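Please read the structure below before turning to the comments.
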There are 2 protein chains.
Amino acid sequence: MLTREGCPKNVLAIKDALEALEGKWKLLILFSLASEPKRFKQLTKEVYGITDKTLSKELKSLEANKLITRAVFDSFPPTVEYSITAHGKSLERLMDELHRWGLLHRKKIFGK
Amino acid sequence: MLTREGCPKNVLAIKDALEALEGKWKLLILFSLASEPKRFKQLTKEVYGITDKTLSKELKSLEANKLITRAVFDSFPPTVEYSITAHGKSLERLMDELHRWGLLHRKKIFGK
């Protein structure tokens with residue numbers, strides 16, 4: 001991978017992956033939804049420190065990237081629930097690898 | 001990984017990894033340095049579209065993260081060369097996995 005051959009198209013795919021996950025909130029939201037579908041208010045409590053505005057923006061981005069779905073239930077008042085998709089779950093191997101390298105990196109930088 | 005147990009410390013490592021690679025330039029610079037050490041001017045040519053100011057900032061960030069080194073040679077005029085470190089090369093598996101998921105993601109989003 002880290003050779004100059006085949007660089008442009010590989011870089012494009014890698015950039016796509018990084019962009020789909022960028023920022024500090026998306027992974028936290030996906031983690032929170034991995035256990036079960038949740039409503040907006042539940043997410044604001046579980047994703048500690050996020051504002052309503054940011055959560056709303058991040059949910060839209062995750063939905064556009066087909067990593068979560070938004071379902072509206074015809075109750076009174078109507079309820080909205082967010083769930084992780086199969087595509088969202090396909091991030092598991094990448095998460096594991098990010099986690100592995102992140103630990104290595106922490107050790108290298110902070111020496112622990 | 002995608003379960004709520006063990007979430008905080010895993011998320012921390014994942015965030016470290018994402019932060020070390022964030023933005024669209026760092027990976028392109030690492031790709032460019034993977035083949036051989038390069039001087040600043042070579043990098044500005046090879047990393048297409050980057051400005052001197054941004055390249056300078058990104059190189060400092062990569063150096064702080066121990067992914068590259070900067071060597072000054074006592075020639076006249078003095079020359080400065082950037083090289084990828086062993087730690088930078090340790091990104092290979094993560095790159096492969098980002099690449100794999102990125103391709104999957106493109107297919108999902110763009111249907112190709």
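Because the structure is a prediction, the values reported are computed rather than measured. Values reported hereafter were calculated over all heavy atoms of this structure, with side chains retained and with hydrogens, waters and symmetry mates removed.
In this structure, the side chains of B/L27 and A/L18 come closer than 4.5 Å at one or more pairs of heavy atoms.
For a residue to count as touching a neighbouring chain, one of its non-hydrogen atoms must lie under 4.5 Å from one of that chain's; by this rule B/L67 touches chain A with the side chain only. B/K66 touches chain A through backbone and side chain together, each having a heavy atom under 4.5 Å away.
When each of B/L94, B/D16, B/L104 is scored by its heavy-atom pairs under 4.5 Å with chain A, the top score falls to B/L94. Listed options B/K15, B/H87, B/R100, B/E19 were ranked by heavy-atom pairs under 4.5 angstrom with chain A; first place goes to B/H87.
In this structure, B/Y48 is not a member of the same hydrophobic cluster as B/L30, with clusters built from ILVMFWY side-chain heavy atoms closer than 4.5 Å. No chain of hydrophobic side-chain contacts below 4.5 Å, direct or via other Ile, Leu, Val, Met, Phe, Trp or Tyr residues, connects B/F73 to B/L33.
The distance from the CD atom of A/E22 to the CG atom of B/L21 is 12.0 Å, given to the nearest 0.5 Å. A distance of 12.0 Å separates CG of A/L98 from CZ of B/R93, quoted to the nearest 0.5 Å.
Residues A/A64 and B/I109 approach most closely at O-CD1, 3.7 Å, considering heavy atoms. Closest heavy-atom contact between B/R106 and A/A13: CD-CA, 4.5 Å.
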